[in-house]
There are 2 protein chains.
Amino acid sequence: MGNSLKPAGETRAGDVLARMRSDIISCALKPGSKLRFETLRELYEVSFSTLREALSRLVAEGLVVAEGQRGFLVAPVSLFDLNDLTDVRVLVERQCIKLAIDRGDDRWEADIMAAFHRMDRLQSRLGASYYLSDEWATLHSVFHLSLVAACGSPNLLEIRQKLFERAHRYRRMSSQFRPQWRAKDVEHKMIMDRVIARDTATAQDLVDRHIRETTENVIAHASHLFAQGGTADAFRRPDPVAAE
Amino acid sequence: MGNSLKPAGETRAGDVLARMRSDIISCALKPGSKLRFETLRELYEVSFSTLREALSRLVAEGLVVAEGQRGFLVAPVSLFDLNDLTDVRVLVERQCIKLAIDRGDDRWEADIMAAFHRMDRLQSRLGASYYLSDEWATLHSVFHLSLVAACGSPNLLEIRQKLFERAHRYRRMSSQFRPQWRAKDVEHKMIMDRVIARDTATAQDLVDRHIRETTENVIAHASHLFAQGGTADAFRRPDPVAAE
DNA sequence: TTACTGCGGATTTTCGAAATAATCAAACCT
DNA sequence: AGGTTTGATTATTTCGAAAATCCGCAGTAA
């Protein structure tokens with residue numbers, strides 16, 4: 001009823017999901033902190049069931065972890081996880097790039113240039129602090145997606161997107177400490193050029209470096225925020241299929 | 001407390017989740033069919049909320065798809081998805097194998113041999129129809145996991161496990177038509193030998209072939225069950241971050 | 001002191017009814 | 001007749017209370 005400015009057809013759970021995701025990525029909800037239903041119910045003004053729905057989906061995205069019958073936690077951050085995440089992203093992104101270059105058509109190239117242009121223009125308009133803007137983050141995400149959208153593998157793209165979002169939280173953690181972000185815009189342009197030139201090997205290497213250098217940047221500026229000794233135990237590994 | 005033979009600490013949602021997963025993999029719940037709450041509520045004897053919880057988690061595993069406010073569907077199967085899934089699995093599995101061989105220790109080797117032995121013994125005991133047994137399927141899963149358990153990447157292992165489960169449904173679809181399964185036991189032994197010998201390249205190629213040949217087998221015997229023209233539209237791709 | 005046991009408060013999980021949204025068909029207008 | 005709106009039916013989503021579970025603490029015994 002009173003919902004005035006919602007995209008229409010948006011469920012309340014979907015709305016809460018988006019808000020919680022945003023709050024987790026921005027660290028308004030601190031990594032490793034316990035998510036109590038009563039607290040969240042007041043904060044987001046929804047009921048238990050709706051919360052549970054949103055929480056479940058966030059678990060799927062790896063931004064929240066479920067602890068048996070002991071509730072939910074904001075997924076902890078750690079140096080170990082960041083490095084692991086980075087390695088997996090490089091593997092996936094290299095393959096996406098290769099496939100997209102093999103399979104992409106003219107439309108794909110045009111979409112890349114359009115996405116770059118939008119991101120680039122907003123960057124100029126916002127000036128030095130563009131990296132703090134949610135809008136820029138969205139266009140940045142769209143640009144990187146456009147590079148690989150033609151890869152033809154829905155499964156790979158879905159995995160890629162989830163990893164990208166998790167990495168986004170780490171990037172965001174360091175950006176709050178770094179008034180001057182490094183010149184990613186130049187890197188983006190180079191990547192775009194090599195992708196459209198169908199230079200697979202170079203494009204892969206550039207993306208690889210792009211990801212790893214960002215990670216190194218995060219480690220340099222934000223690793224003091226990570227959980228101490230945060231190794232594997234902070235992340236439950238998949239059940240070994242409950243042997244027997 | 002009256003729960004006599006449950007592993008203790010199992011939530012009802014977790015129980016329903018396991019049963020539904022089993023029913024989807026065995027195709028008792030047909031691919032592409034609509035999952036109506038009222039029907040499921042009777043079938044599994046739980047309430048709406050509990051169902052919703054289980055459904056959400058199955059969406060995360062890719063065995064169920066959610067359609068906005070129009071309910072849930074058993075994830076459709078298609079030739080396109082099977083081929084895509086296979087390609088992604090090969091990518092992931094090759095990397096897992098490489099890392100595990102680089103990082104594995106004696107304990108890891110011992111676990112592989114133990115897992116193989118259990119699977120092998122059960123196979124002998126069950127005879128020709130071992131591939132229909134859920135127990136064998138579990139030991140098979142454990143064996144394949146043991147090969148890569150030492151890879152050191154929780155993120156990669158989690159992705160791998162989800163893909164493995166989805167592929168399991170396809171394998172299961174063809175096994176019901178094939179009274180004589182091909183000699184996978186020989187392949188398993190060869191893979192184990194090459195992995196323990198730390199022969200990375202050969203081990204990767206063997207696993208690659210193992211996966212692809214299984215897929216070809218499924219296509220040969222069960223592709224007539226797949227959705228017609230089941231291309232990308234049967235699987236929603238990740239939202240382009242809802243630009244704007 | 002240390003380990004075990006049982007109680008009390010706090011938190012999560014489950015339930016079924018109420019509210020909301022989608023579907024389908026008959027009646028209506030063009 | 002073809003296409004659109006309206007209204008009844010069905011299914012999904014949301015709600016908050018009730019049941020089950022967990023956690024800390026006090027009391028007791030070894």
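What's counted below: heavy atoms across the whole structure, side chains too, no hydrogens, waters or symmetry copies. Residue numbering restarts at 1 for every chain, and letters A, B, ... go by the order of the sequence lines.
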Review point. Under 4.5 Å between any side-chain heavy atoms of B:D81 and B:Y170, yes or no?
Key: yes
Review point. Between A:R70 and A:A13, which has a closest nucleotide on DNA chain D that is more 5'?
Key: A:A13
Exercise for review: Within residues 45-54 of chain A, find the residues that approach DNA chain C with a heavy atom at under 4.0 Å, and present them sorted by residue number.
Suggested key: A:S49, A:R52
Exercise for review: Kindly write out the residues that satisfy salt bridge (Lys or Arg N to Asp or Glu O under 4.0 Å) with B:D111, not counting sequence neighbours, or none if the list is empty.
Suggested key: B:R107
Exercise for review: Can you label the angle between the A:F48 ring and the A:F37 ring as parallel, tilted or perpendicular, going by 30° and 60°?
Suggested key: tilted
Point to revise | Whole-Å distance separating the CG atom of B:L55 from the P atom of C:dT14 | key: 14 Å
Point to revise | Flag if over 12 foreign heavy atoms under 6.0 Å of NZ, A:K34 | key: yes
Review point. Separation of B:F72 atom CZ from C:dA22 atom P, in whole Å?
Key: 15 Å
Check your understanding: Over how many whole Å does the gap from A:R41 atom CZ to C:dT12 atom P extend?
Key -> 12 Å
Check your understanding: Who passes salt bridge (Lys or Arg N to Asp or Glu O under 4.0 Å) against B:R21, sequence neighbours left out?
Key -> B:E61, B:E165
Exercise for review: Could you tell me the separation between the CH2 atom of A:W108 and the CE atom of A:M113, rounded to the nearest 0.5 Å?
Suggested key: 10.5 Å
Check your understanding: Could you give the angle between the helix axes at the two ends of the helix from C:dT1-D:dA30 to C:dT30-D:dA1, with five pairs per end, rounded to 10 degrees?
Key -> 20°
Exercise for review: Name the nucleic acid region contacted by B:G68, choosing base, sugar-phosphate or nothing; use a 4.0 angstrom heavy-atom cut-off, strictly under.
Suggested key: sugar-phosphate
Review point. What closest approach, in Å, do A:A100 and A:V148 show between heavy atoms, and which atom pair accounts for it?
Key: CB-CA, 3.8 Å
Check your understanding: Pick one: which of A:T39, A:D23, A:D15 meets side-chain hydrogen bond (donor to acceptor under 3.5 Å, both in side chains) with A:Y44?
Key -> A:D23
Practice item. Can you sort out which residues in residues 28-40 of chain A have a heavy atom within less than 4.0 Å of DNA chain C? Ascending by number, please. Key: A:K34, A:L35, A:R36, A:F37
Check your understanding: Can you name the one residue among A:T214, A:T215, A:V218, A:L225 that meets side-chain contact (heavy atoms from CB on, under 4.5 Å) with A:S174?
Key -> A:V218
Review point. What are the two closest heavy atoms between A:I211 and A:R89, and how far apart are they?
Key: CG2-NH1, 3.9 Å
Exercise for review: Using whole Å, report how far CD of A:E67 lies from C1' of D:dC23.
Suggested key: 14 Å
**Study point:** Rounded interatomic separation in angstrom, taking CG from A:D15 and C1' from D:dT13
**Key:** 14 Å
Review point. So, is B:R12 close to the C:dC15 phosphate, meaning a side-chain N or O under 4.0 Å from OP1 or OP2?
Key: yes
Review point. Rounded to the Å, how far apart are B:Q69 CD and C:dT23 P?
Key: 10 Å
Review point. How would you list, by chain and number, every residue that makes a salt bridge (Lys or Arg N to Asp or Glu O under 4.0 Å) with A:D134, sequence neighbours excluded?
Key: A:R172
